[in-house]
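First comes the structure, then the notes that go with it.
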Amino acid sequence: MRAIFTLMLTFVIMGAMAQKRSHVPLADPFIYYENGVYYAYGTHSLEGFEVYTSKNLKEWNYSGLALTLDDSYSNNRFFAPEVYKVADSRYLMYYSANEHVCVAEGTSPLGPFRQKDMKPIFEDFRAIDNHLFIDDDGTPYMFFVNFDHGNVVSMVEMERDFVTPKRETMRECCRVSQDWERQKATWDKRKEVNINEGPFVIKHNGTYFLTYSANSFRSEFYSVGYATTKDIRNGKWEKYTGNPILANPGDLLGTGHHAFFCDKEDNLRIVFHAHHDKDHVRPRMMYIGKAWFETVDGEDVLQVGTDYLIPKLNNSY
């Protein structure tokens, strides 16, 4: 009887592992949509940045490397790619490599993307988690994370080439200031954790919503909150008192480093990663949820649902 029980338990464990292997293995995920196809990018491969494609958000295909080591600024510490179409047949991939923010160019969302000038956007300081936001008037801004006694979200206006920063416009947006951002995992021996990272900006009814992640990505308390301003150039970013808006829905842990996008029906969606399971952080997996705005006491509030979609792979990676 014990042998039969052991065999059954082995099959259960193997089945659970196989199910996890069918998930999309992307941390820091980003989804770009064009002409009926969703393209997903993220942190995973040691060879560069992969791209996955889907027509329904549920089933995904591995479509190869969009950016390889040979075509990038550095050959290690690859994080958080984002892809944008900025002109006909001109796509830009913003990414972090070796703690510097970089940009590569391609003619298709599938790539290949190549960095023409093999240097980071900022050569004189370290930075990660770059995010491009283009305002209604066409002005591009780059949000990113630099290091000042922790991870701090900053921003800079960009030239219309989408590559050159206007250094005189650089300013800090937010750093750790709320209690939920200071939750430490039991294993974390640091005196304090000062992390605001993974910025993403959306605009709604004239208000800019700067969403970000806080706590260590290794922690089960890694979560998402936001700050707002009416003036993106000079206004102060005020953090929402109801933060976090995404924190471990269902049985997920370490939910964060997200991006927003609109699906085929023009519904606002959020894509984010979570830990592999309760005992292992890596490889982190991609999940997709719903997001919307509600008016509460006369103010627009960004909401994220607790239900989420588990994207599945149709082929191996």
Side-chain angles (χ1 to χ4, degrees), residues 28-33 80 82 84-86 94 129-146 151-158 160 162 165-166 168-181 195-215 222-247 249 255-263 265-272 288-306:
D28 315 327
F30 178 87
I31 290 180
Y32 172 76
Y33 175 70
E82 294 188 354
Y84 296 89
K85 185 177 184 179
V86 296
Y94 298 85
D129 293 355
N130 33 246
H131 163 64
L132 179 71
F133 171 75
I134 302 175
D135 209 348
D136 299 335
D137 62 359
T139 303
Y141 299 87
M142 192 178 73
F143 291 77
F144 59 94
V145 172
N146 61 355
N151 291 13
V152 179
V153 176
S154 300
M155 65 174 289
V156 67
E157 184 179 337
M158 305 289 283
R160 294 300 175 106
F162 302 98
K166 295 183 178 181
E168 70 277 9
T169 69
M170 190 181 305
R171 67 189 183 95
E172 179 180 312
C173 299
C174 63
R175 62 173 65 220
V176 168
S177 61
Q178 294 183 323
D179 288 343
W180 70 277
E181 302 170 336
I195 296 175
N196 278 181
E197 64 182 20
F200 196 96
V201 175
I202 51 180
K203 188 177 183 180
H204 179 74
N205 288 342
T207 298
Y208 301 89
F209 289 75
L210 168 57
T211 58
Y212 64 94
S213 298
N215 299 306
Y222 198 55
S223 304
V224 175
Y226 72 81
T228 61
T229 188
K230 295 284 188 179
D231 181 359
I232 193 170
R233 281 192 171 91
N234 302 301
K236 181 181 179 181
W237 293 92
E238 300 285 352
K239 290 187 177 179
Y240 173 48
T241 57
N243 283 336
I245 60 170
L246 174 66
T255 49
H257 203 122
H258 61 292
F260 289 93
F261 67 99
C262 289
D263 63 18
E265 289 74 38
D266 204 32
N267 297 310
L268 186 62
R269 296 277 195 157
I270 183 172
V271 58
F272 58 93
I288 298 172
K290 296 180 180 179
W292 64 92
F293 288 93
E294 288 185 0
T295 302
V296 179
D297 296 329
E299 297 288 336
D300 288 328
V301 174
L302 177 58
Q303 305 276 13
V304 173
T306 56

Phe144 CZ to Asn151 CG distance, which is reported to the nearest 0.5 Å: 12.5 Å
Between Val201 and His131, is there a side-chain heavy-atom distance shorter than 4.5 Å? yes
Report, as yes or no, whether the 6.0 Å neighbourhood of atom CG on Asp231 holds more than 12 heavy atoms from other residues, nucleotides or ligands. yes
What is the distance from atom OH of Tyr240 to atom CD1 of Ile245, rounded to the nearest 0.5 Å? 8.5 Å
Any side-chain heavy-atom pair of Phe200 and Glu82 under 4.5 Å: yes
For residues 130-144, pull every pair meeting salt bridge (Lys or Arg N to Asp or Glu O under 4.0 Å), keeping only residues two or more places apart or in separate chains. Asp135-Lys203, Asp136-Lys203
Hey, could you give me the CE/CH2 distance between Met155 and Trp237, rounded to the nearest 0.5 Å? 6.5 Å
Nearest 0.5 Å, please: how far is CE in Met142 from CE in Met158? 5.0 Å
Decide side chain to side chain contact (heavy atoms under 4.5 Å, CB included) for Tyr212 and Asp129; before the verdict, give the C-alpha distance in whole Å, the side-chain angles of both, and the deciding distance to 0.1 Å. CA-CA 10 Å; Tyr212 64 94; Asp129 293 355; over 6 Å; no
Between His257 (side chain) and Ala80 (backbone), is there a donor-acceptor pair under 3.5 Å? no
Taking side chain as C-beta onward, heavy atoms only, is Tyr33 less than 4.5 Å from Arg269? no
Please enumerate all residues that pass side-chain contact (heavy atoms from CB on, under 4.5 Å) together with Thr255, with sequence neighbours excluded. Leu246, Asn248, Pro249, Leu252, Phe272, Ala274
Near Glu168 CD, under 6.0 Å, is it more than 12 heavy atoms from other residues, nucleotides or ligands? yes
How about NZ on Lys239, more than 12 heavy atoms from neighbouring residues, nucleotides or ligands closer than 6.0 Å, or not? yes
For the CG atom of Leu210 and the CD atom of Glu238, what is their distance to the nearest 0.5 Å? 12.0 Å
Going by heavy atoms in the side chains, are Thr295 and Asp300 under 4.5 Å from each other? yes
State, yes or no, whether a side-chain contact exists between Thr207 and Lys230 at a heavy-atom distance under 4.5 Å. yes
Any donor-acceptor pair under 3.5 Å linking the side chain of Arg233 with the backbone of Thr169? no
Measure the shortest side-chain to side-chain distance between Phe162 and Tyr84 over non-hydrogen atoms and say whether it is less than 4.5 angstrom. no
With side chains defined as the heavy atoms from C-beta onward, is the minimum distance between Tyr226 and Asn243 less than 4.5 Å? yes
Check: Phe30 and Phe261 side chains under 4.5 Å, non-hydrogen atoms: no
With a sphere of 6.0 Å drawn around NZ of Lys236, does it hold more than 12 non-hydrogen atoms of other residues, nucleotides or ligands? no
Contacts of Phe293 that satisfy side-chain contact (heavy atoms from CB on, under 4.5 Å) - sequence neighbours left out: Ile202, His204, Phe209, Leu268, Leu302
Between the CG atom in Asn205 and the CD atom in Glu299, the distance rounded to the nearest 0.5 Å is 11.0 Å
Derivation of the side chain to side chain contact (heavy atoms under 4.5 Å, CB included) call for Ile288 and Ile31: CA-CA 10 Å; Ile288 298 172; Ile31 290 180; 3.8 Å; yes
Can we call the ring centroids of Tyr94 and Phe143 under 6.0 Å apart? no
